[in-house]
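Written out below as structure tokens is the structure these notes cover.
Both counts, for ligands and for their atoms, begin at 1 and track the order of listing.
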Amino acid sequence: MAKQEDKFKRVISHAKEYGYVFQSSEIYDGLSAVYDYAQNGVALKKNIREYWWKAMVQLNENIVGLDSAIFMHPTTWKASGHVDAFSDPLIDNKDSKKRYRADVLVEDYVAKLDNKIEKEVKKAAKRFGDAFNKDEFLATNQRVLGYKEKGDAILKRLGQSLEKEDLADVKALIEELEIACPLSGSKNWTDVKQFNLMFGTKLGASAENTMDLYLRPETAQGIFVNFLNVQKTGRMKIPFGIAQTGKAFRNEIVARQFIFRMREFEQMEMQFFIKPGTQLDWFKHWKETRMKWHLSLGMGQDNYRFHDHEKLAHYADAATDIEFRFPFGFKELEGIHSRTDFDLKAHEEHSGKKLQFFDHEDNKSYVPYVLETSIGLDRMFLAVFSNALQEEELENGSTRTVLKLPAVLAPIKAAILPLVKKDGLPEVARKIMDDLKWDFEVTYDEKDAVGRRYRRQDANGTPFCITVDHDTLDDNSVTIRHRDTMEQQRVKISELKEIISKEVSMKSWLMKM
Ligand code: ATP
């Protein structure tokens, strides 16, 4: 556990030190759960967005893009269910005045039971040595079974109480488990209340004419309300999809874990409109397709898993999460939901306008079903960044910090380094840079010994360093060093473009899908 926390702390400080992510308004002591993307962060984020956009829109004839406004007519959120049902159960501790998500307090309690199980396993593994059989131990050890049974019973009761909106029982559960405020240690709790996660704001200047609005909590609704506009003007035939990326806002109660859970974040969503009855086939299709997209980045199959939902949202008839192994464990990265005709029907009812598709083959109109893929851009950023950050022991006994970002996503593709700051080497290096900059993000660095410059670029995630030395002046060749292997190759300046391109072009990465 401590190791995981250390790793996570390193991720956060590295992101700051190398100009990836800053706390928002830091000079005013920051704003909780709001972050700014710095010079490298913005480029990594842009590259992830583009990698998604190409895979979803450019490569699919029947998926088109959209950029709908953040402000939407307030009835949108009534129709979508967000006004009535987009809330978390919260509880306050009367002594520390800290607010918590009641369900998270209970889940944290169960996580502690899981930790106890892990400790038992470790102890037993030590005691039995090679003869230890973990599965058998988990299935038979009385203490482990006791913890497991207790945890399952607690989660079951929590789930049932939340489903029935029995908030008094959620509080009773917290009291029965004697859960204390992590800050004050006090068990002096308020009642549990529902707290809507949408941020409200106002449109208009005069008091009589203002309109209460919400900042959108998801980008999906902008797609639904434009369904017919896009279908008609684009002469789209079902099945077809509409994709968009953009900001969403949620007043998260428990906003921690860096950019994993933010109050202002960016989503990349695609709503795929299909014929009713075909949803389970499309669900399977998009589950596989989205997983292939993730795996194409080469971040390790073991770091992903599906988590199929048993308890479904009010609008869904099948749902799964793609979970990623973050530094704090497996957590949701992307959701794939079969949303049925819930949203389009709700917007039909609230707007009085038909949102239907006329199917020439069947000679009838229907409200399409929807299959959604929804991924948080910031979460994807955290997945990529945290997985890339590594401390490596080198053969000479020293260590290096290296950010092994997939080359296709790296903010800077190559650094051009003159070996020394004289003898005409900077001029040649600048010329190479001026040539490459038309095709790639490149940087120039002449400060410090070349070894230190290599380390700096390693920590920054730059896949290639190109060193210009005295021989370059005679043979038009340079040394190209690969970040991950540290291998160095002597190549002609004229070959650089092709070498870099092969490793960083979106085409070659996406073709692995
Ligand atoms: P969670 O259970 O973690 O709160 P969710 O199930 O509410 O997430 P969705 O509504 O399905 O999330 O949103 C789709 C995606 O948007 C999520 O898979 C996640 O990647 C991202 N996302 C949701 N909430 C946040 C947030 N507060 N900060 C950053 N990303 C988020």
Side-chain angles (χ1 to χ4, degrees), residues 21 24 31-37 41 45 48-49 52 56 77 80-82 85-90 100-104 107-108 158-159 162 195-199 214-224 243-271 283 286-287 290-291 293-294 304-316 318-326 328-339 342-343 370-386:
V21 183
S24 157
L31 194 60
S32 141
V34 187
Y35 292 90
D36 296 339
Y37 286 87
K45 204 172 160 197
I48 297 174
R49 194 190 293 111
W52 182 86
M56 300 302 274
W77 307 110
S80 67
H82 284 80
F86 191 57
S87 49
D88 281 339
L90 68 86
Y100 297 94
R101 253 174 76 171
D103 54 337
V104 171
E107 281 163 9
D108 283 352
L158 175 71
L162 288 175
F195 174 77
N196 195 295
L197 299 182
M198 284 197 293
F199 283 103
Y214 295 104
L215 296 184
R216 66 179 178 200
E218 61 177 27
T219 58
Q221 299 304 325
I223 296 180
F224 296 133
Q244 85 164 324
T245 70
K247 287 276 173 107
F249 303 82
R250 294 181 188 179
N251 198 359
E252 299 277 4
I253 303 166
V254 189
R256 49 179 188 196
Q257 294 169 323
F258 194 38
I259 55 172
F260 180 81
R261 190 175 297 286
M262 301 157 89
R263 297 210 161 98
E264 173 182 342
F265 59 100
E266 188 164 339
Q267 291 186 311
M268 307 192 285
E269 296 198 301
M270 194 279 297
Q271 310 294 330
F283 180 65
W286 282 109
K287 244 178 106 163
R290 292 302 305 145
M291 186 58 103
W293 180 84
H294 285 284
Y304 299 88
R305 69 180 188 200
F306 285 114
H307 170 236
D308 292 330
H309 292 204
E310 272 157 39
K311 180 175 169 269
L312 294 168
H314 58 283
Y315 53 76
T320 194
D321 295 336
I322 295 181
E323 294 188 336
F324 184 77
R325 196 198 300 268
F326 287 97
F328 36 83
F330 271 103
K331 286 269 159 28
E332 172 178 346
L333 170 59
E334 170 160 7
I336 297 158
H337 310 122
S338 169
R339 295 182 75 125
F342 173 85
D343 301 273
V370 171
L371 212 292
E372 163 184 83
T373 71
S374 173
I375 172 168
L377 176 49
D378 313 85
R379 273 193 201 176
M380 185 63 195
F381 184 112
L382 182 59
V384 169
F385 190 88
S386 59

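- Side-chain contact between W77 and R216 is present, with heavy atoms from C-beta onward closer than 4.5 Å.
- Between the side chain of Q267 and the main chain of T219, a donor-acceptor pair closer than 3.5 Å is present.
- If you check which protein heavy atom lies closest to atom 29 (C) of ligand 1, you get F260 O, 3.2 Å.
- Side chain of D378 to backbone of E266: a donor-acceptor contact under 3.5 angstrom is found.
- Taking a cut-off of under 4.0 Å to the non-hydrogen atoms of E252, the atoms of ligand 1 that pass are 24 (N), 26 (C), 27 (N).
- For atom 8 (O) of ligand 1, the nearest non-hydrogen atom of the protein is E332 OE1, 3.7 Å.
- Near S374, the atoms of ligand 1 lying under 4.0 angstrom from a non-hydrogen atom of the residue are 13 (O), 14 (C), 15 (C), 18 (O).
- With hydrogens left out, the protein atom closest to atom 19 (C) of ligand 1 is R379 NH1, 3.4 Å, a heavy atom.
- Closest of all the heavy-atom pairs between R379 and F260 is NE-O, 2.8 Å.
- A heavy-atom separation below 4.0 Å is not found between D378 and ligand 1.
- Atom numbering of ligand 1 starts at 1 in the shown order; those under 4.0 Å from a heavy atom of H337 are 11 (O).
- Neither the backbone nor the side chain of E218 comes within contact range of ligand 1; no heavy atom lies under 4.0 Å.
- Relative ring orientation between F328 and F326 is described as parallel, the plane-to-plane angle staying below 30° on a 0-90° scale split at 30° and 60°.
- Of the N and O atoms on the side chains of E334 and H294, at least one donor lies less than 3.5 Å from an acceptor on the other residue.
- In the vicinity of E334, heavy-atom distances shorter than 4.0 Å reach the ligand 1 atoms 18 (O).
- For a threshold of 3.5 Å applied to N or O pairs, the pair formed by L333 and ligand 1 contains at least one separation below that value.
- With R250 contributing its side chain and P217 its backbone, the two residues share a donor-acceptor pair below 3.5 Å.
- Distances below 4.0 Å separate heavy atoms of G376 from the following atoms of ligand 1: 15 (C), 16 (O), 19 (C), 20 (O), 21 (C).
- When non-hydrogen atoms are compared, ligand 1 lies under 4.0 Å from neither the backbone nor the side chain of D321.
- When Q267, R263, M262 are checked for heavy-atom proximity to atom 16 (O) of ligand 1, Q267 turns out nearest.
- Of all protein heavy atoms, the one lying nearest to atom 23 (C) of ligand 1 is R250 NH1, 3.5 Å.
- Closest approach of R290 and W52 over heavy atoms only: NH2-CD1, 3.5 Å.
- Proximity of R261 to ligand 1, defined as any heavy-atom pair under 4.0 Å, is shared by backbone and side chain alike.
- For R339 (side chain) and A316 (main-chain N/O), no donor-acceptor pair under 3.5 Å exists by modelled atom type.
- Residue, atom and distance of the protein heavy atom nearest to atom 30 (N) of ligand 1 are F265 CD1, 3.4 Å.
- Side chains of N196 and S87: a donor-acceptor N/O pair is absent below 3.5 angstrom, by distance only.
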